Protein chains: 2
Amino acid sequence: MDKNLKRMATMHRMQVTGLELFYKNGYYNTSIDDILKSLSLSKGAFYYHFQSKEDFFVSIVQNLIVRKVYSMLIEPIEGKENPFSVIENCFENALETAEHNEMDYGFILSNFISEFNRRNTVISNYLMDIYKVWEVNLVSILQKGKSDGYVDRHVDSEGVATYLISSYMGVRTLMVQGNCRNLRYKYMQQLRHYFSSLAAKEIA
Amino acid sequence: MDKNLKRMATMHRMQVTGLELFYKNGYYNTSIDDILKSLSLSKGAFYYHFQSKEDFFVSIVQNLIVRKVYSMLIEPIEGKENPFSVIENCFENALETAEHNEMDYGFILSNFISEFNRRNTVISNYLMDIYKVWEVNLVSILQKGKSDGYVDRHVDSEGVATYLISSYMGVRTLMVQGNCRNLRYKYMQQLRHYFSSLAAKEIA
DNA sequence: TTTTTTACCGACCACTTGGTCGGAAAAAAA
DNA sequence: TTTTTTTCCGACCAAGTGGTCGGTAAAAAA
């Protein structure tokens, strides 16, 4: 982790460019040559560092995609106070980032989940692991929200988490085709609506 | 439409098998040879009926995918009474069908929308057209629900439609990886929760 | 300085891709 | 029956595909 600095640097460059192109064109529609060309590197360099295209992608999942999802959707939520406002802010922020990103091809996680669904179980599992961490985190903040008096005690936290993730994945898919601002606005409005039906009732 | 019966039959066979494989493996990960092999047909037959792979897929969208979405998600809703119960039944039914389908690779429409996003605008547009029809239909039934006293008048019908479609696309993506029964149950429960927050208030 | 290890090059391989084309059965029309 | 049209065959092509391998600079170790 000290001596092989050059190694790490090159691998990282490959991973970054690889993710860019995979995200842009899809995994099966991106060749290793494409990636190498845009890096001015050779086949030899690639297969010196990675065993195969699949191995390469797995390393991208573990190094880059995990971090992306973490920093955008998990960390902003962990251990905060009012679940509803925290999640609301987090989603709003994530959608706004996507909206202003010229190169948006949808939610990276759900894109790859659906591309690899049943086609490559190894990769699918790595992706589902990320999804599960996200889910667990949502559930735990909702549970905490119950003890803190924000969330109604009758609410099914796991159900809410599933519903949140589903809807988020869905809008992100729809957003790619443009009209993002409008979609985001409508989505956030309904999200608040939904949340209002889950809030703890005022004690009269 | 009478003389070229054989023509239609062969084209239809190709389209059906084509959709099967495209849905299963993805468009870019399925070759024409794959389809031809499973039909015991030759290249010549294919290019006699279709101009290109893209042209072929467009015909599949217009003939098969449109109908699928229509019969599963649009027709069961058109012009019915209580929007909430109608949509609820429709979604429940659609999810159950998917759940019991051995070969489920996610919601066909959203799968292809994300596969072609920004990679093939021609096909993307055809897919988005279907999505739009679905949306329009949801909006119109919600609006009708307002005049019929089911839906609260302050509700933003377009927002609700967007939210519904998003969440549906999302669960369908999640369902592929198994645990469908549980996902469906949780999803439907939250959907009802959400709907309850949109219902017209009882006149005291 | 010499030796060894690390990092990279690029020709090459077997195979697959979408697509073409001359021809030949099969069916329809004459 | 003969002719024409429709439908399909399959060899072929150029352009990729993921992956291998013998070799070589440059850096590190000796």
Side-chain angles (χ1 to χ4, degrees), chain A residues 1-61 63 112 115-116 119-123, chain B residues 1-61 63 112 115-116 119-123:
Chain A
M1 210 60 147
D2 188 27
K3 288 286 160 61
N4 38 16
L5 225 151
K6 171 132 207 213
R7 179 183 180 77
M8 300 302 263
T10 308
M11 288 175 79
H12 190 255
R13 279 181 63 216
M14 287 178 176
Q15 289 164 337
V16 169
T17 306
L19 178 55
E20 244 170 60
L21 295 183
F22 286 141
Y23 175 43
K24 187 172 175 179
N25 306 317
Y27 176 82
Y28 294 111
N29 201 29
T30 303
S31 70
I32 296 174
D33 280 336
D34 289 340
I35 298 163
L36 262 13
K37 199 185 301 168
S38 94
L39 282 167
S40 299
L41 282 173
S42 69
K43 272 274 169 72
F46 182 86
Y47 283 95
Y48 175 71
H49 292 293
F50 302 99
Q51 287 178 24
S52 64
K53 190 184 182 185
E54 178 177 318
D55 173 71
F56 177 55
F57 189 82
V58 169
S59 83
I60 290 179
V61 175
N63 287 291
F112 287 129
E115 182 167 12
F116 289 112
R119 302 191 243 284
N120 185 319
T121 45
V122 174
I123 295 181
Chain B
M1 208 63 147
D2 187 28
K3 289 285 160 59
N4 38 17
L5 226 151
K6 171 131 206 214
R7 179 181 180 79
M8 300 302 263
T10 309
M11 288 176 81
H12 190 254
R13 278 181 64 217
M14 287 178 176
Q15 289 165 336
V16 169
T17 306
L19 179 55
E20 244 171 59
L21 295 183
F22 286 142
Y23 176 43
K24 186 173 176 177
N25 306 315
Y27 177 81
Y28 294 111
N29 201 28
T30 303
S31 70
I32 296 175
D33 279 336
D34 289 341
I35 298 163
L36 261 14
K37 199 185 300 168
S38 95
L39 282 167
S40 300
L41 282 172
S42 68
K43 272 273 169 71
F46 181 87
Y47 282 95
Y48 175 71
H49 292 292
F50 302 99
Q51 288 178 24
S52 64
K53 190 184 181 185
E54 177 176 319
D55 173 70
F56 177 56
F57 190 80
V58 169
S59 83
I60 290 179
V61 174
N63 287 292
F112 287 129
E115 182 167 10
F116 290 111
R119 302 190 243 285
N120 186 319
T121 46
V122 174
I123 295 181

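Keep in mind the model is a prediction, meaning the values are calculated, not measured. Per chain, numbering begins at 1; letters A, B, ... match sequence-line order.
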5′-ward residue of the pair B:Ser42/A:Tyr27 relative to DNA chain D: B:Ser42

A:Phe22 and A:Phe57 aromatic ring geometry - parallel, tilted or perpendicular at 30°/60° bounds: perpendicular

Rounded interatomic separation in angstrom, taking NZ from A:Lys43 and P from C:dC8: 17 Å

Straight-line distance of A:Leu39 CG to A:Lys37 NZ, nearest 0.5 Å: 12.0 Å

Sidechain-backbone polar pair: A:Asn63 side chain, A:Ser59 backbone, donor-acceptor under 3.5 Å: yes

Proximity to the side chain of A:Ile32 - top-ranked nucleotide from C:dG18, D:dC8, D:dG19: D:dG19

Whole-Å gap separating P (D:dG18) and CG (B:Asn29): 11 Å

Touch class at under 4.0 angstrom, heavy-atom based, for B:Lys53 against every strand present: sugar-phosphate

N/O (side chain, B:Thr10) to phosphate O (OP1/OP2, D:dT7) under 4.0 Å: no

Phosphate OP1/OP2 of C:dT20: any B:Tyr47 side-chain N/O under 4.0 Å: no

B:Met14 side, atom CE; B:Ile32 side, atom CD1 - distance, nearest 0.5 Å: 10.0 Å

Interatomic distance, B:Leu41 CG vs D:dT6 P [rounded to whole Å]: 19 Å

Spacing of A:Tyr48 atom OH relative to D:dC21 atom C1', expressed in whole Å: 15 Å

Whole-Å distance separating the NZ atom of A:Lys37 from the C1' atom of C:dC8: 19 Å

Side-chain N,O (B:Arg7) to OP1/OP2 (D:dT7) below 4.0 Å: yes

A:Glu115 side chain to A:Tyr28 backbone, donor-acceptor under 3.5 Å: yes

A:Phe57 CZ - D:dT17 P separation (whole Å): 17 Å

Nearest-nucleotide comparison on DNA chain D, the residue closer to the 5′ end among A:Asp33 and B:His49: B:His49

A:Leu39 CG to C:dC8 C1', straight-line distance once rounded to whole Å: 13 Å

B:Ser31 side-chain N/O to C:dT16 phosphate OP1/OP2 under 4.0 Å: no

Rounded distance in Å - CG (A:Leu36) to P (C:dA7): 17 Å

